[in-house]
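Step one of this worksheet: look at the structure below.
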Amino acid sequence: MKHIVSLLLALAAISCGSKNNDNPGPTPGPEPQPQDKAMVYTTTRSMSSIFKASQVNVIDATESLSAVKLNPSERYQVMDGFGAAMTWATCYNMLKMTAEDRHALLVELFDKEKGLGISLVRVSVGASDFNTEEYTWCDKEGLENFKIDRRDQDIVIPVLKEMYAINPDVKIIASPWSTPKWMKMGNGGSGKHDQWTSGRLDPKYYEAYAQYFVKWIQVMQDYGFKVTALTPQNEPLNHGNSMSTYMPWKDQRDFIKTALGPGLEKAGLDTRILLFDHNYNYDNMADQKNYPLNIYNDPEASKYSAGSAWHDYGGSVSELDNIVKNAPDKDIYFTESSIGEWNYSWDGCILSHFKNIFLGTMQRGCKGITLWNMVLDDKKGPYSPQAGSCKTCYGAVEVSSSTYKITTRRTHYYQIAHASKVVKPGAVRIGTSGMTKAGLTYMAFQNPDGSFAVLALNESASSVPAIFVSGEHAVKVNLPEASITSILWKD
């Protein structure tokens, strides 16, 4: 009898003293289940359960008013996975941990059997605002000066290597925060812009910047890292980030079709180009509305553009309805959302972010989700001391800045856990029909091994009994009030 998963690291329920203090750490869960058992993971807003692992019987299919029928023949997007950004700050904090503690955390996050099986991460091309210094891999003018920056060589690369030793199938979405300064012109389209913040990519450097990306991807692939997608600019409408480049849609269109797309193609790289990488509301810039759609309207740019990437710092996830309607053949990814002093509480974030960032985007065809920093310290860093960096952000995991022991796992950790533990890379979102109830949202997937996964969100004030039917078998579960439930079973 085959095991569906090995659960040496299933996380059990832990009570906390306050709704705004998070689970201090995982404890061992049940042994791997036999094929006639389903794994169920539950997290409640009340914190009575925090990623509590349990087993229920897989029973014969039954007709019931509470039944949800899974339809594997109704197929939607293929999933790449879920995760968070492996920023310089994340890697710095991990390297400050003891080797034993760091390895344990990386296993917890990335191991396919013992851990959460995280399969998608975001990596910055050069520095981001979660570096203590600003740099690219070519700060001296001329591509002959391209080389791995020592700060990435010493901090980021070693942690990624250890991550890949645990899970060699992790995919990377890469994003730059700034072009090299010597490639920048003023925001008005002329002159030099010798600053890390804002400025535009000068068209005379389009070819050089495309080759910069080619070289960066080749170096990463030489290490065995899988750069599956690239966004030409993080938050291209954000003038104020400590490292940033203003890249309106016409600039991005012209850069992609004249240099970046042909450059990747000529180099034989299969890294996909994702447009935009910014907010649902286009930062309220009327002339930038429909940013990716405007680029898709150009046939030369569109043929190099695999899809678009999104953040949620402005606007609503419903903007993706507009994108899907007008570009149904293009992929969608969600690449960044933050929690921090301005918005965070356990009970305020755990359900709402899962609803909007996870279920809301996947309902609209999203193939992969990465949240912001994987690991920050209790001082919310390290971060850039420059204006425009986030100095109030929380990591999915928090460590002490004195001992570098884990102190907290926040809502982002558990949202990633609920998705990654049951929805495997290559899973297909499938159709469902049957029970509906106010406050209840669910979606189903079929994994490459044939197993089924369900993600269910119950926002109502009462528990909901539900039966999920797959072919000849079914799983009967109780969805607690105000909770997230993930289920994994074989038919």
Side-chain angles (χ1 to χ4, degrees), residues 80 122-126 136-148 171-185 189 193 199-223 225-237 245-278 288 290-309 323 326-327 329-333 335 367-368:
D80 278 341
R122 192 167 178 233
V123 174
S124 62
V125 181
T136 69
W137 283 17
C138 193
D139 287 341
K140 185 177 179 181
E141 185 167 359
L143 282 183
E144 66 274 14
N145 297 305
F146 178 94
K147 62 179 180 180
I148 305 176
K171 294 180 178 180
I172 289 172
I173 297 178
S175 303
W177 264 243
S178 174
T179 68
K181 288 192 292 183
W182 54 272
M183 295 186 185
K184 288 187 175 184
M185 64 179 180
H193 187 86
R200 289 166 68 179
L201 173 61
D202 190 327
K204 72 181 181 182
Y205 294 115
Y206 279 1
E207 183 62 32
Y209 198 36
Q211 290 307 305
Y212 172 91
F213 283 122
V214 167
K215 290 176 177 291
W216 188 90
I217 294 168
Q218 288 172 334
V219 169
M220 298 295 278
Q221 291 187 343
D222 285 346
Y223 279 109
F225 306 157
K226 295 177 172 60
V227 185
T228 190
L230 168 73
T231 71
Q233 176 59 42
N234 170 70
E235 298 188 350
L237 304 181
T245 299
Y246 178 56
M247 187 177 282
W249 71 264
K250 290 181 180 178
D251 288 17
Q252 191 161 116
R253 175 199 63 191
D254 294 346
F255 173 52
I256 289 171
K257 74 177 184 178
T258 64
L260 182 59
L264 295 177
E265 185 176 63
K266 184 177 180 180
L269 297 173
D270 60 0
T271 300
R272 292 174 281 169
I273 297 173
L274 301 180
L275 310 179
F276 193 44
D277 207 10
H278 208 171
Q288 299 304 310
N290 295 322
Y291 189 115
L293 297 179
N294 295 335
I295 297 176
Y296 295 150
N297 285 336
D298 184 295
E300 283 300 303
S302 182
K303 75 177 184 180
Y304 295 117
S305 304
S308 57
I323 303 301
N326 290 285
D329 59 328
K330 297 294 189 180
D331 294 337
I332 290 175
Y333 288 79
T335 47
K367 291 170 61 70

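On a predicted model such as this, the values are computed, not experimentally measured, just so you know. Reckoned from all heavy atoms, side chains included, excluding hydrogens, waters and symmetry mates.
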Inset, instruction - Would you please classify the geometry between the Phe255 ring and the Phe213 ring as parallel, tilted or perpendicular, with 30° and 60° separating the classes? - result: tilted
Inset, instruction - Taking the side chain as every heavy atom from C-beta outward, state whether Met247 and Leu201 have any atom pair closer than 4.5 Å. - result: yes
Inset, instruction - Would you confirm whether Asn290, through its side chain, and Leu293, through its main-chain N or O, come within 3.5 Å as a donor-acceptor pair? - result: no
Legend entry - From Tyr304 atom OH to Thr258 atom OG1, the distance as rounded to the nearest 0.5 Å: 10.0 Å
Legend entry - Spacing of OG belonging to Ser305 relative to CD1 belonging to Ile295, to within rounding of 0.5 Å: 6.5 Å
Legend entry - Spacing of OG1 belonging to Thr231 relative to NE2 belonging to His278, to within rounding of 0.5 Å: 11.5 Å
Legend entry - Side-chain touch Trp216/Leu230, heavy atoms, less than 4.5 angstrom: no
Inset, instruction - Check Pro180 against Cys138 and note the closest heavy-atom contact, atom names and distance. - result: CB-O, 3.5 Å
Legend entry - Any donor-acceptor N/O pair, Gln288 side chain to Trp249 backbone, under 3.5 Å: yes
Inset, instruction - With the side chain counted from C-beta on, respond yes when Asp251 and Tyr206 share a heavy-atom pair under 4.5 Å apart, and no when they do not. - result: yes
Inset, instruction - Quick one: closest heavy-atom pair of Ala174 and Val227, and the distance? - result: CB-CG1, 4.1 Å
Inset, instruction - Over 60° means perpendicular and under 30° means parallel, so classify the ring planes of Tyr223 and Phe225, tilted if in between. - result: parallel
Legend entry - Heavy-atom closest pair, residues Ser124 and Gly126: OG-O, 2.8 Å
Legend entry - Sub-4.5 Å side-chain heavy-atom contact between Lys330 and Leu275: no
Legend entry - For the student: nearest non-hydrogen atoms of Gln218 and Ala267, plus distance: NE2-CB, 4.1 Å
Legend entry - Distance, nearest 0.5 Å, that separates CD of Glu141 from CD of Glu144: 8.5 Å
Legend entry - Nearest non-hydrogen partners of Glu300 and Lys303, listed with the distance: O-CG, 3.3 Å
Inset, instruction - First locate atom CE of Met220, then atom CD1 of Ile148, and finally report the distance between them rounded to the nearest 0.5 Å. - result: 8.5 Å
Inset, instruction - Check Pro176 against Gln233 and note the closest heavy-atom contact, atom names and distance. - result: O-NE2, 3.5 Å
Legend entry - Distance (rounded to the nearest 0.5 Å) between Gln252 CD and Leu260 CG: 9.0 Å
Inset, instruction - Determine yes or no for a side-chain-to-main-chain donor-acceptor pair under 3.5 angstrom, with Lys184 supplying the side chain and Thr245 the backbone. - result: no
Inset, instruction - Classify the ring geometry between Tyr212 and Phe146 as parallel (under 30°), tilted (30 to 60°) or perpendicular (over 60°). - result: perpendicular
Legend entry - Stepwise side chain to side chain contact (heavy atoms under 4.5 Å, CB included) test for Asp277 and Tyr333: CA-CA 9 Å; Asp277 207 10; Tyr333 288 79; over 6 Å; no
Legend entry - pair Leu264-Ile217: side-chain heavy atoms closer than 4.5 Å: yes
Inset, instruction - Decide yes or no for Ile323 and Ser308: does some side-chain heavy atom of the first lie under 4.5 Å from some side-chain heavy atom of the second? - result: yes
Inset, instruction - For Arg272 and Thr228, run side chain to side chain contact (heavy atoms under 4.5 Å, CB included): C-alpha distance rounded to whole Å, both residues' side-chain angles, the deciding distance at 0.1 Å, then the answer. - result: CA-CA 6 Å; Arg272 292 174 281 169; Thr228 190; 3.0 Å; yes
Inset, instruction - May I ask you to test the Asn234-Arg122 pair for a side-chain heavy-atom distance under 4.5 Å? - result: yes
